J.: 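To start, I am sharing the structure in question, which I have written as C-alpha cells.
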Amino acid sequence: MDSPPEMVVGADIDVKKLMQDIHEEVKRKREAGLYPPDLLSDLDMVAGIDTSDPEDEFNRAMELFRQAAAFTSRVETGSRLPVVAPLATVYKRVVQKGAGWYIGAILGQAQNFAGHTNRMIGMLADRIHELDERIDSVQDAQSAATPQAPVPDAEVTNRVEALEAESGTVRARERLALLERSVRALEQRLAEGGTHPQPDVTPTADTGSEIELDLDYVDFENLFRGSEESIRERQRSYLDLFRSVPGPVVDLGCGRGEFVELLVGAEIPAYGVDRNPGMVARCHEKGLDAREHDLLEHLASVPKASLGGVFCAQAIEHLSVRDVPRLFELAADAIAPGGRLVIETINPESLFVFASAFYVDLGHLRPLHPLTLRFLAEKNAFKDIDVLYSSMPDDSIKPNAIELTGTEPLDTVIRDVNENMGRVSKIVFGPQDFAIIATR
Amino acid sequence: MKVAIVMPRFGEHLSGGAELLGRWFAERLSERGDVVDVFTTCATDNIHWRNDVEPGTEQYGRVRVMRFPLGPRDTDLFNELDATMRQGFDLGDDMELVWLRNHAASEELEDELYSRADDYDVILALPYLFGTTYFAYETCPDKTVLIPCLHDEPAAHTRFVRRMLSEVRGIIFNSDAEARLARRLVPTLAPWATVGVGVERNEEPAPKGRRRPSAPSILYVGRREVHKNYPLMVEYFTRYKARRPSDLQLVFAGGAGGPLPERDDVAYVEPDWGTLDVYRDATIFCHPGVNESFSIVLLQAWLAETPAIVHAECDPTREHCERSNGGLWFRSYPEFETILDRLLASPDLCAKLGANGRAYVEREFSWDAVLKRFDAAIERLLSERAA
C-alpha cells in the first residue's frame, strides 16, 4: 500500500485546496505508473456520466448490462410489517436456506449465459474501439502530411504507391481517396468551430439538419454497399408491395437507382430522388428519372395525396433526429389512400451491425429502432404496419455448436453451453436490416 | 397562510427524496399554524402506480390528506412512449400529454383542486415529472408554485417541462445548481427562488458510552438503483479492497433495489430512522449519485458529523461540500482511492470535515432558516406576477 502523505489539519479546512492537493497526488501517481493501465481504463469507463456523449451512453448501457448480469440468490430477509416482522423474517430465512441448492443451480446456468454474453459484447466493443483508433491514426497522419492544404501532395502519393505495392491492388488508392475526403470534411467542420463531428441527437438544438459530408457516395457505394446487381436482388422482395398502388412511387435516397430500375421494369411509374449529384448522374446514365433534391424538401413539394408510394432504403439513418419524424409526417401527406410506405434501415437489434455496417458509413447519424419507426408510422395514421427483417449474417461468422461426445455428464454441459451460445448468437447475429412497411 | 400541496404519493414510509420533502413541508407548515391540505393519489408504489389504498380524506397530524384514485393507465403505451422519450425523441405536444396522463394522474384530483382553488393562497406542486404536478399547473396556473426537484435527464427536456418552467406562477428550487440547470433548459424562466429543505436532529442525545464499531466503514443510504450510480461505488470499493486489503466495510442502509454484492465485507442494515445512529456508525458517508437536486441523506450524514464523499459530476452535492467544507468529491477511481487513503489514515481530518458539515447544516438548513426563505420566496413569487 502506498502510504499517504502526512496531513496537517488546521482549524479550518478548505476542501477546494484539499482537492487540488489530491488531484496533484493522483497526477504524480499516474505519471509514476502506479495505476495499472487496465485498472484505469476499466474504471474510467464506468465513471462516465455525460449522456450527451455517445461513447458515454454506450458505457452507461454496458454498466446497466453488467448490473443486470449480477445475479445473486441472496435477498433481504428483513420485514417492516407491524407485529409479525420477526415471524416474517424467520419464514423468509427458512425459505431462502431450504431452496438455496435449487436456486443456486438455476443461477449457475444464468451466470454462465451472462458471462458468455458479457465477453462477446466486450469483444465487439474492443473491435469498434480498434476501428476508431485506426481511423484516428489515419486522420492524424493525413493532418501531419497536409498541414496547410488538404490536397494530396507528393508524400500522400508516395503512400498510395506504397500501399498499392503492398497490397497489389488499386483498392488501396480508392480507400485512401475516401479517407482523404473524410479528413477534409472533418477539417472543414473543425474550422467552422465544431470540436468533433458528433451526430446531433438533441431534438431541441437549432442545428437539426443532416450532416454535410464531403464524401463521394458513388465511390463509397461502389466500395462498400455492394454491386448494383446484388442490391437489385436484395430489393426485389419489396417490388410486390408497390404493384397496383394509386400513383407513382418515389425512391427517396435512390442512390444508383437499383430500385427505380426494378419498378420501371415492372411497369410501375417511378422516379428517384437523391441529394448527391453523382448518384443522380449515375441514374441518368441508365436512362432513369432521377432528381437532385433534398429528400424532405422534395416530399414537402409534391401535392398532397399525389404519390402511390414512398420507398426509402438505407437513408433514414442519415437524417437528424428532428428530420426522422418529419419524414413520416410528410410521407403521410404525400401518399394517397391505399399507397405504401416502405423504409429500410440497419437493424440495431442485431449487435453485429455495430461492428460492421453501421460505423462504416460516416454519414450514419444514429441507428433507429423498429419500435420507434412503428410508433412514428402509427402516430401518422398509417395502417397495416409491419416489420420485415432481412440480411441475416453469414453463418461462417457465428459461433459453432460444440459437438457432443457421447459421454455424460460432459454432454449435458455441452448442451447447456450450446443452448446458451444459441441465445447469445440470436442477439448478436440477428438480421442486419429491417423495413417498416405501412399502408396509407 | 392556506397551502395546498399536490404530490403523486404521500405517506410516512415512502421512499424518495421528493416524497420526504413534500411531507416535511406539510408537517412544518401545519405545526406553525398554516392550513395545509395535501392532494395526492391512492398509489404508494412508484413502480406499478396502482390504487393501493382507499380514496377519501384522512388526517395526518394537523394536515388534511385527500386521496384520489389514479385514472386508468395503459402501461404498454406508457412504456413505449417513455422509451421513445428517453431516447431523446420529441413526442410532440399531444403524445406528451398522453404520456403524462398515464404517469400518475387523477382527473378527480384536478376537479377537486379546481373547485377549491380559491380556498388557498398558494398551491405547491412537486416533483416535476408526474401528471399530478403538470395538471395542477394546468388547472390552476396562477396559484401553482412548482417545486420541481429537477434532474438532468431526457424527460427534463420535454415540451411540457419547459412550458411549465416558463409559465408557472413561481418555482422553488432546492439548490442553486438545480436553478442553473433549469436556466439552461428554459431561457425565460418563471420567477424563482432557492429554498432547500430543513434537516434537523429529532432524536434524544446518544446514550453515553455508545461507540462507533471498531471496523471502518463506508455508508450508502437509499434505493439501490443504477441511476443512483451505486454500481460505480461498488466497483470502486471492490478495486480499493483489492489494492488495499483491510477490514473496511461497505454498508448499505434502507431502500430496496438491485442485489447486494455477495462479499463478506458488504453488509446491509435496516436502521432506526428516528436516530442518526446509522450515520454515526459509519466512518465515511458516500453519495455517488449524479442526478440529485438536493440530497437529504447527505445533510443527515453531516448532522451526525460523518464526513462525506460525493461524485464530482453532481453539482448540488458537490456544491454542498464546497460550501460546507465538510466533504470531498471524486471523478475517477484514482481520486476515490486517494480520498479514501487520506480519510482512513486521519481520524482528525474526518472529525473536522464532519464538524464543518454539521455546522453548515445547522446554519443553512434548520427549519427556521428554511421557512424564513420559504416565506420570503412565496411572498415575492406571488407578488411578482401580480405586479
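Reckoned from all heavy atoms, side chains included, excluding hydrogens, waters and symmetry mates. Because the structure is a prediction, the values reported are computed rather than measured. Here is the naming used below: chain letters follow the sequence lines, and residue numbers restart at 1 for every chain.
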J.: In terms of heavy-atom contacts, does CZ of B:Arg223 have more than 12 from other residues, nucleotides or ligands at under 6.0 Å?
T.: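 Yes, CZ of B:Arg223 has more than 12 neighbouring heavy atoms, counting only those of other groups under 6.0 Å.
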J.: Output yes when a side-chain donor or acceptor of A:Glu317 lies under 3.5 Å from a complementary backbone atom of A:Thr345, and no otherwise.
T.: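 Not confirmed, A:Glu317 side chain does not pair with A:Thr345 backbone.
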J.: Do B:Trp99 and B:Asp82 touch side chain to side chain, with heavy atoms closer than 4.5 Å?
T.: yes
J.: Above 12 or not: heavy atoms from other molecules or residues under 6.0 Å from CG of B:Asp94?
T.: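 Open: at most 12 neighbouring heavy atoms sit under 6.0 Å from CG of B:Asp94.
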J.: Side chain from CB out, backbone as N, CA, C, O: work out which of these in B:Glu80 comes under 4.5 Å of a heavy atom of chain A, or both, or neither.
T.: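 Just the side chain, heavy atoms under 4.5 Å.
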J.: Hey, which of B:Thr338, B:Asn325, B:Leu344, B:Val234 has the most heavy atom pairs under 4.5 Å with chain A?
T.: B:Asn325
J.: What residue in B:Thr84, B:Leu353, B:Leu328 has the most heavy-atom pairs under 4.5 Å with chain A?
T.: B:Leu328
J.: Need one label for B:Leu340: side chain, backbone, both or neither, based on atoms under 4.5 Å from any heavy atom in chain A.
T.: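 For B:Leu340, neither part sits under 4.5 Å from chain A.
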